[in-house]
Structure formats: structure tokens, C-alpha cells
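Below is one structure, written out as C-alpha cells; comments come after it.
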Amino acid sequence: MNTMEVGRKLVELCKEGKHRQAIEDLYADTVVVNEAMDPMQMPEEMRPPHARPNGPQSKADLLNGCDAFFSCLEVHGAEMSDPYPLGDEFIVYMSMDCTFSQGPMAGQRMDMKEMAKYKVQDGKIVESNYYYAMPGA
């Protein structure tokens with residue numbers, strides 16, 4: 001798959017709520033992941049079992065992180081834009097209306113918004129960067 005095909009498939013799967021399948025099908029075995037917030041600062045309930053600071057992560061770690069994240073919240077609604085490509089990268093806009101069920105934000109409803117930039121090589125996502133507002137930062 002080329003960059004745009006990977007982007008379209010990622011958006012399709014995420015819109016269907018198949019985030020885990022998106023990782024399984026579209027991500028390389030090792031992916032560089034960069035989050036605006038260091039994963040080690042996340043509440044323990046949301047942190048993948050083998051969380052490490054930003055940088056290379058295995059597909060297994062990403063799947064664990066996906067499971068941990070979605071297990072601690074209720075999603076009321078979500079949106080994701082079509083991909084915007086540039087060479088071997090694409091970006092998407094995402095928003096999610098959700099209520100956390102665990103951790104320090106339990107019971108709080110949020111409208112989370114972020115931009116994500118993905119890099120594709122050999123038909124697989126090899127890098128993802130997440131940009132979002134950091135309250136208090």
C-alpha cells in the first residue's frame with residue numbers, strides 16, 4: 001500500500017472503532033511513537049504495561065497501550081478527518097467525546113482533540129506523532 005492507501009485504511013478502521021485492528025494491520029513491528037505527554041506521566045490505569053518514554057515501541061506495546069486506553073473510558077462520539085498526505089507522511093485530525101472511568105479523571109467528560117502525523121515505509125506506519133493541547137503546560 002502507498003501512503004494515501006495506508007492513511008485511508010487507518011481512518012476507515014478507526015471510524016469503525018477498530019483501533020486494535022488498525023495497529024495489527026497497518027503498523028510496522030517497531031514504531032517510533034511521540035506523544036505530547038510523556039507516557040510515564042500518564043495515570044497508571046492508562047499506561048501500557050511496558051510503557052517507556054517517547055521513542056521506539058513494539059507493536060505488542062502499542063496494542064497493550066490501545067487496550068489500556070480504551071478500557072478506561074466511555075466514548076460518546078468520535079470524528080476523524082480524511083488523511084492529508086505529503087510524500088511518505090500524512091496527517092489526520094481526531095476528536096473524541098469521552099468520559100473517563102478510572103484514574104484521576106474518573107467521571108470527567110472531555111472533548112479531546114488532536115492532530116496526528118504518520119510516516120509510512122514499505123506500506124506500514126513506522127512513526128506516529130501526536131499533537132494536542134496540554135492543560136497547564
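Residues E79 and M94 have side chains not in contact (no heavy-atom distance under 4.5 Å, counting atoms from C-beta outward). Between L10 and C14 the shortest side-chain heavy-atom distance falls below 4.5 Å. The side-chain heavy atoms of M112 and Y132, taken from C-beta on, include no pair separated by under 4.5 Å. Annotation: side chain of N34 is not in contact with side chain of Y130 (no heavy-atom distance under 4.5 Å). For the pair V33/D61, no side-chain contact is recorded, criterion being any heavy-atom separation below 4.5 Å from C-beta on. By the 4.5 Å heavy-atom criterion applied to side chains, V32 and V126 are not counted as neighbours. At a threshold of 4.5 Å between non-hydrogen side-chain atoms, the residues M1 and V120 do not count as touching. Looking at Q57 and V31, their side chains never come closer than 4.5 Å, going by heavy atoms from C-beta outward.
No side-chain donor-acceptor contact under 3.5 Å links T99 to the backbone of E74. A distance-only check finds no donor-acceptor pair linking the side chain of K119 to the backbone of D88 [under 3.5 Å]. Using a distance-only test at 3.5 Å, with no hydrogens or angles considered, no donor-acceptor pair links the side chain of Q21 to the main chain of K18.
Nearest heavy-atom pair across L13 and A22 is CD1-CA, 3.6 Å. Across all their heavy atoms, P56 and T30 have their closest contact at CB-CG2, 4.1 Å. Minimum heavy-atom separation, S101 to S71: OG-O, 4.0 Å. Nearest approach of P83 to V92, heavy atoms of both residues: CA-CG1, 3.7 Å.
Taking 4.0 Å as the cut-off between side-chain N and carboxylate O, R109 and D97 count as a salt-bridged pair. Between E24 and R20, at least one side-chain N (NZ, or NE/NH1/NH2) sits under 4.0 Å from a carboxylate O, which counts as a salt bridge. Of the charged side-chain nitrogens involved, none lies within less than 4.0 Å of a carboxylate oxygen, so that R8 and E5 do not count as a salt-bridged pair.
Atoms CD1 and OG, from I91 and S81 in turn, are 7.0 Å apart once rounded to the nearest 0.5 Å. With rounding to the nearest 0.5 Å, the separation of CD in E12 from CG in L26 is 9.5 Å. Atoms CG and NZ, on L86 and K117 in that order, are 9.0 Å from each other to the nearest 0.5 Å. Taking CD1 of I125 as the start and OH of Y27 as the end, the distance is 4.5 Å to the nearest 0.5 Å.
For Y84, the OH atom is loosely surrounded, since the number of other residues' heavy atoms within 6.0 Å does not exceed 12.
Between F100 and F69, the angle of the ring planes goes over 60°, which puts this pair in the perpendicular group of the 30/60° scheme. Between F70 and H19, the two ring planes are parallel [angle under 30°; tilted spans 30° to 60°].
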Evaluate Y118 against T3 for side chain to side chain contact (heavy atoms under 4.5 Å, CB included), listing each step before the verdict.
CA-CA 9 Å; Y118 300 91; T3 299; over 6 Å; no
Stepwise side chain to side chain contact (heavy atoms under 4.5 Å, CB included) test for L73 and M110:
CA-CA 10 Å; L73 54 83; M110 294 183 66; over 6 Å; no
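Contacts of K113 classified as side chain to side chain donor-acceptor pair (under 3.5 Å), with partners at least two apart in sequence or in another chain: D111. For K124, the side chain to side chain donor-acceptor pair (under 3.5 Å) criterion is met by no residue, not counting sequence neighbours.
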